Amino acid sequence: MEKYNPQEIEKKWQEVWNAPDYYKTTEDSTRPKYYALEMFPYPSGNLHMGHVRNYSIGDVVARYRMMAGYNVLHPMGFDAFGMPAENAAIAHGVKPGDWTFANIKNMTAQQKAMGLAYDWDREVETCREDYYRWTQWLFELFYKRGLAYKKEASVNWCDTCGTVLANEQVIDGKCWRCDSEVHKKNLAQWFFKITDYADELLADLDKLTGWPSRVKIMQENWIGRSEGLEIYLDAPELGEKISVYTTRPDTAFGITFLALAPEHPLVEKICAISDKADEIKKFCEHARSQSDIERTSSESEKEGIFTGVYCINPFNGNKVQIWVTNYVVFEYGTGAVMGVPSGDQRDWMFAKKYGLDIILTLQPKDKELKLEEMDAAYVEHEGVMVNSGKFTGMDFNTGFQAIMDYAEQQGFGKRKVNYRLRDWLISRQRYWGAPIPVIYCDKCGEVLVPEKDLPVLLPDDVEFKQGALSPLSTSKKFNECTCPKCGGHAHRETDTMDTFICSSWYYMRYTDPHNEAKPFDRDKVNYWSPVDQYIGGIEHAILHLLYSRFFTKVLRDAGLLDYDEPFANLLTQGMVIKDGAKMSKSLGNVVSPEEIINKYGADTARLFILFAAPVERDLDWSDKGVQGSYRFLNRVWRILEIFDDAIKAGNDTYDAQILTAEEISLRRTLHKTIKKVTEDVRDRFAFNTAISSLMELVNAMHTFQDKKINPNLARELAKNLLLMLAPFVPHISAELWSKFFMGDVHKQNFPTFDAAAIVEEEIEIVIQINGKVRDHVKVPVGLSKADLEKFALTLPRFDEFTSGKKVIKIIAVPNKLINIVVK
RNA sequence: GCGGACGUGGCGGAAUUGGCAGACGCGCCGGACUUAGGAUCCGUUGCCUUCGGGCGUGAGGGUUCGACCCCCUCCGUCCGCACCA
């Protein structure tokens with residue numbers, strides 16, 4: 001047999017797998033379905049190790065399920081709209097589409113060089129007309145359902161990207177993509193009403209038993225549900241009632257000031273009657289010029305200005321100063337906050353800074369608080385109410401409810417649920433995205449592009465000027481149009497959609513990718529969905545995963561599909577790091593997948609990446625470790641070469657009774673390995689331990705390298721080893737299989753273990769004295785607790801172990817140990 | 001500040017239900033083969049040791065016959081959220 005030559009055999013098998021029908025998938029009611037999915041990539045041009053890890057994991061899952069008898073959907077595609085294509089256009093004058101498709105071509109070649117089992121016929125590219133046509137169609141569906149609206153708002157603006165961003169896409173005050181500072185701008189923008197689904201998005205997290213709790217907690221925090229009371233405070237000078245929202249209605253008697261956000265509409269009204277109008281306006285300008293970070297970081301200084309206007313606390317009739325402050329967030333609650341310095345640390349600090357009154361409303365039970373001695377607010381949710389009129393004396397829980405009841409009875413308050421989640425800002429002032437299919441008519445106003453006219457195509461006569469508003473507005477043929485309703489003069493919306501919209505439904509399109517009449521067929525999407533195993537990075541814990549859940553629920557309500565959640569199980573893989581840091585060009589620690597594959601082959605790359613760490617954890621890249629994986633594949637090759645004659649001489653059915661003791665033991669190792677690998681792959685995604693047990697098996701086979709081996713056993717070993725290796729290292733498995741066996745290794749059934757082969761007659765148990773291991777003895781398997789206790793007394797070294805001491809008791813655990821407790 | 005995860009040999013990691021800590025791999029050391037070895041094969045490898053054993057899973061305490069695993073306190077690393085009223 002020739003030497004293991006990965007370059008040669010990998011090319012050979014990839015050609016087989018790339019045949020158009022090889023991995024073609026169709027619905028099949030006779031087998032259970034399994035939808036395995038890796039997050040589709042942005043076509044940056046080259047695969048990086050993170051992709052290799054992602055696809056290696058997904059491929060093991062998919063190939064294992066295929067061999068285990070499932071009808072597996074395993075597709076791949078590209079999240080192909082996005083900024084880098086546009087930047088390439090600005091920098092090098094290439095067309096975004098040309099740049100994108102060239103990158104896709106390159107990356108597809110690299111994916112194929114990994115030997116991945118994809119149904120390429122289902123490939124989806126979100127920048128293609130036959131895809132974004134349906135993205136636009138879905139936008140219209142949202143619009144018709146009242147879930148898409150345009151409004152002027154203070155929004156996040158990234159100068160570098162020249163566009164607005166959704167809240168989810170601002171990380172620590174910085175742009176998620178380019179890391180530059182984001183600031184606020186007032187613009188009329190399109191939003192998706194994700195807040196309508198806040199409650200369900202939160203509640204259904206409980207259904208996601210196959211998701212890491214980490215991700216669910218992050219989404220829970222992001223949605224940020226809270227229950228409280230809205231209170232209306234009369235402001236006689238303004239002739240208005242001011243609404244505030246609080247989660248601490250029990251402290252309402254302690255209100256000593258009211259804080260408005262600078263953006264609050266009442267501020268203007270106040271300025272109209274206040275003699276401090278100039279100062280107030282100046283303060284508001286100052287606050288608005290601050291970044292979100294400056295305004296909302298818990299470290300930054302709280303600032304405010306008294307307006308000179310008052311309102312009335314409806315609970316006790318107290319006159320309350322109205323302030324404008326920089327720390328109240330306009331978008332949350334009512335944009336106005338009641339100030340209770342005794343019960344809220346921020347209010348405490350604010351009151352201390354500006355010398356405002358403080359009224360204590362809650363006393364802890366164990367010690368008495370005195371205002372003069374306090375240096376912080378009392379924020380605990382327990383104690384007895386004080387200074388609270390008829391509520392004085394009630395304990396926290398009773399008073400909390402009683403105050404809300406009272407406010408509702410009196411009509412100056414209402415129980416309210418609030419969310420931190422904001423609506424999803426989906427317009428982008430960029431070119432390379434799906435145009436928002438809306439027309440503005442001089443007479444009819446906002447009009448949807450009729451379905452028959454979709455897609456609204458991207459024009460090619462645009463100018464890319466960084467920083468300029470919407471490149472689409474520079475296109476002559478795009479901008480001007482006629483109104484679909486009245487035929488009059490109109491112009492088009494020139495913003496495009498957030499690319500996260502494209503990626504919110506691609507996994508549905510995979511189930512019916514060529515449909516020209518609708519985004520996907522309902523029966524097909526229902527057959528395949530939900531995704532049984534979704535695999536990707538933790539960076540999408542909120543973003544893509546929250547948006548996709550939202551989309552699924554909207555499309556369900558619209559009757560397009562019949563399930564609640566898109567991804568039944570989620571696996572968040574760790575990063576690939578080197579020298580203690582994430583691989584990055586600037587650190588110069590990047591290892592190119594192409595290089596590794598050229599040098600050692602895809603099988604080695606896949607094996608190493610699956611073996612080196614558990615999938616959820618970060619993986620330390622090690623060149624030496626890669627060599628170790630390469631060495632292992634050579635060992636597999638070599639041992640089958642050594643067994644060559646035996647394997648070919650053996651039969652598939654034989655009587656295992658005739659084996660020697662050593663052979664029986666080797667066969668036992670084989671079947672234990674089958675059990676272990678099956679459980680590790682199927683139940684735990686513990687590919688590292690699955691591979692380590694395969695290594696143990698190969699090591700055990702090597703003990704026969706100089707010995708005669710029963711040909712039937714050699715055959716059984718080779719067959720099952722290759723079947724188990726097939727999902728991990730498909731090329732070498734296919735090659736070796738073809739040398740010894742008929743058919744296609746990947747179309748065989750994954751092996752099942754022979755329970756009889758695993759049974760051992762004797763087992764070694766541990767003898768402990770006071771919990772310390774002192775000896776090992778062999779006993780028959782299954783010896784009962786009672787028999788084991790009796791057996792303990794007959795141990796040859798029993799007297800030695802217990803001499804001079806008193807035996808207190810004997811603990812026996814069948815098949816495990818005997819522990820003799822002495823004193 | 002709040003929430004979460006993690007902490008095991010020189011390194012990556014294993015120990016799935018409270019029952020032999022360190023599987024497997026890397027590295028190191030030794031041996032075989034060899035003109036040669038950076039190929040391959042075999043073996044050793046937690047620390048200490050008077051060779052009986054002692055110690056050992058971030059630190060300290062607890063529960064238990066028995067704890068990497070459960071409980072308490074603390075330290076460290078990483079991640080998420082962070083004036084959301």
Side-chain angles (χ1 to χ4, degrees), chain A residues 171-172 212-222 224-226 228-229 244-248 251 259 293 295-302 325-340 343-347 349-350 418-422 538-539 541-542 607-608 611-614 616-629 631-632 634-635 638 676 679-680 683-684 686 688-699 702-703 705-706 764-776 808-813 815-822:
Chain A
I171 315 288
D172 289 332
S213 54
R214 185 153 82 115
V215 175
K216 288 190 279 186
I217 289 166
M218 283 164 74
Q219 292 212 354
E220 195 181 317
N221 290 339
W222 188 260
R225 184 181 196 273
S226 73
L229 181 71
V244 297
Y245 171 74
T246 180
T247 54
R248 291 297 303 273
T251 65
I293 286 282
R295 272 180 65 177
T296 63
S297 154
S298 48
E299 271 103 73
S300 54
E301 185 81 10
K302 288 150 194 53
T325 67
N326 65 342
Y327 71 90
V328 174
V329 178
F330 177 61
E331 289 82 10
Y332 182 77
T334 62
V337 171
M338 64 184 209
V340 184
D344 183 288
Q345 188 55 26
R346 293 156 297 180
D347 297 346
M349 280 155 65
F350 193 76
N418 252 313
Y419 298 93
R420 215 188 72 104
L421 181 71
R422 310 286 151 78
I538 188 80
E539 66 272 17
I542 310 264
L607 187 70
F608 168 72
F611 174 64
E616 301 246 11
R617 244 192 276 179
D618 285 351
L619 182 153
D620 233 2
W621 186 265
S622 154
D623 293 330
K624 292 283 187 190
V626 177
Q627 286 172 30
S629 294
R631 204 159 10 207
F632 171 70
N634 275 291
R635 269 168 78 76
R638 212 174 301 116
K676 168 84 175 151
E679 289 168 357
D680 279 356
D683 307 333
R684 303 203 307 148
N688 56 332
T689 52
I691 292 166
S692 83
S693 61
L694 287 166
M695 287 173 169
E696 286 180 83
L697 174 62
V698 171
N699 288 346
H702 269 268
T703 62
Q705 62 183 318
D706 301 320
E764 194 176 77
I765 64 160
V766 169
I767 308 299
Q768 296 182 337
I769 304 298
N770 290 343
K772 289 192 191 294
V773 180
R774 282 292 174 275
D775 206 356
H776 299 256
I808 308 285
K809 61 172 153 177
I810 294 171
I811 315 262
V813 182
N815 298 337
K816 295 269 185 196
L817 57 77
I818 293 168
N819 187 11
I820 303 165
V821 185
V822 298

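A, B, ... follow the sequence lines: proteins, then strands. Residue 1 opens every chain. Since the structure is predicted, the reported quantities are computational estimates derived from the model, not experimental observations.
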[X] side chain: which of [options] is closest?
X      : options             : answer
A/I217 : B/C24, B/C41, B/G3  : B/G3
A/A612 : B/G12, B/G19, B/U16 : B/G12
A/R346 : B/A15, B/C20, B/C83 : B/C83
A/H702 : B/C42, B/G12, B/G25 : B/C42
A/R631 : B/C65, B/U40, B/G19 : B/U40
A/Q705 : B/C42, B/A85, B/G13 : B/C42
A/K302 : B/C24, B/G54, B/C83 : B/C83
A/V329 : B/A85, B/C20, B/C41 : B/A85
A/K624 : B/C24, B/C42, B/C26 : B/C26
A/R684 : B/G19, B/G13, B/A15 : B/A15

Look at all strands and tell whether [X] reaches a base, only sugar-phosphate, or nothing, counting heavy atoms closer than 4.0 Å.
X      : answer
A/V337 : base
A/V328 : base
A/G333 : nothing
A/D618 : sugar-phosphate
A/S622 : nothing
A/N699 : sugar-phosphate
A/V773 : sugar-phosphate
A/S213 : nothing

In whole Å, what separates the [atom1] atom of [N] from that of [M]?
N     : M     : atom1 : result
B/A21 : B/A14 : C1'   : 10 Å
B/C70 : B/A82 : P     : 31 Å
B/G22 : B/A36 : P     : 39 Å
B/U64 : B/G19 : C1'   : 12 Å
B/G3  : B/G12 : P     : 30 Å
B/U77 : B/A59 : C1'   : 15 Å
B/A23 : B/G9  : P     : 13 Å
B/U8  : B/A67 : C1'   : 14 Å

Going by purine N1 to pyrimidine N3 plus the second Watson-Crick contact, or the G-U wobble pair, all under 3.5 Å, which nucleotide sits opposite [N]?
N     : answer
B/C51 : none
B/G38 : none
B/G1  : B/C81
B/A15 : none
B/G7  : B/C75
B/G22 : none
B/U44 : none
B/C33 : none

Rounded to whole angstroms, how far apart are [atom1] on [X] and [atom2] on [N]?
X      : N     : atom1 : atom2 : answer
A/K816 : B/C20 : NZ    : P     : 7 Å
A/F632 : B/U40 : CZ    : P     : 14 Å
A/I691 : B/G13 : CD1   : P     : 14 Å
A/M338 : B/C83 : CE    : C1'   : 16 Å
A/F608 : B/C24 : CZ    : C1'   : 13 Å

Taking side chain as C-beta onward, heavy atoms only, is [X] less than 4.5 Å from [Y]?
X      : Y      : answer
A/L619 : A/F608 : yes
A/F350 : A/Y327 : yes
A/R225 : A/N418 : no
A/V244 : A/V337 : no
A/N770 : A/K772 : no
A/I538 : A/R214 : yes

- Query: Is there a side chain to side chain contact (heavy atoms under 4.5 Å, CB included) between A/K676 and A/T689 once you walk through the steps?
  - Reply: CA-CA 9 Å; A/K676 168 84 175 151; A/T689 52; 4.1 Å; yes
- Task: Indicate syn or anti for B/G9, taking the glycosidic torsion and treating anything within 90° of 0 as syn.
- Result: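 The base of B/G9 is oriented syn (glycosidic angle within 90° of 0).
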- Query: Where does B/G52 land, syn or anti, once you apply the within-90°-of-0 test for syn?
  - Reply: syn
- Query: Do A/L694 and A/V698 pass the side chain to side chain contact (heavy atoms under 4.5 Å, CB included) test, and can you show the C-alpha distance, the side-chain angles, and the key distance before you say yes or no?
  - Reply: CA-CA 6 Å; A/L694 287 166; A/V698 171; 5.6 Å; no
Counting only side-chain nitrogens and oxygens, does [X] get under 4.0 Å of the OP1 or OP2 atom of [N]?
X      : N     : result
A/R635 : B/C42 : yes
A/K772 : B/C65 : no
A/R214 : B/C81 : no
A/Y327 : B/A85 : no
A/R420 : B/A82 : yes
A/N688 : B/A14 : yes

- Item | Upstream residue (5' side of RNA chain B) when A/N770 and A/R774 are each assigned their closest nucleotide | A/R774
- Query: Taking the nucleotide of RNA chain B with the closest heavy atom to each, which residue, A/G628 or A/V813, is nearer the 5' end?
  - Reply: A/V813
- Message: Between A/N699 and A/R635, is there a side-chain donor-acceptor contact under 3.5 Å, judged purely by atom types and distance?
- Response: yes
Please state whether the base of [N] and the side chain of [X] form at least one donor-acceptor pair under 3.5 Å?
X      : N     : result
A/R225 : B/C84 : no
A/N819 : B/C65 : yes
A/K809 : B/C65 : no

- Task: Please report the closest heavy-atom contact between A/D618 and A/A613, naming both atoms and the distance.
- Result: O-CB, 3.8 Å
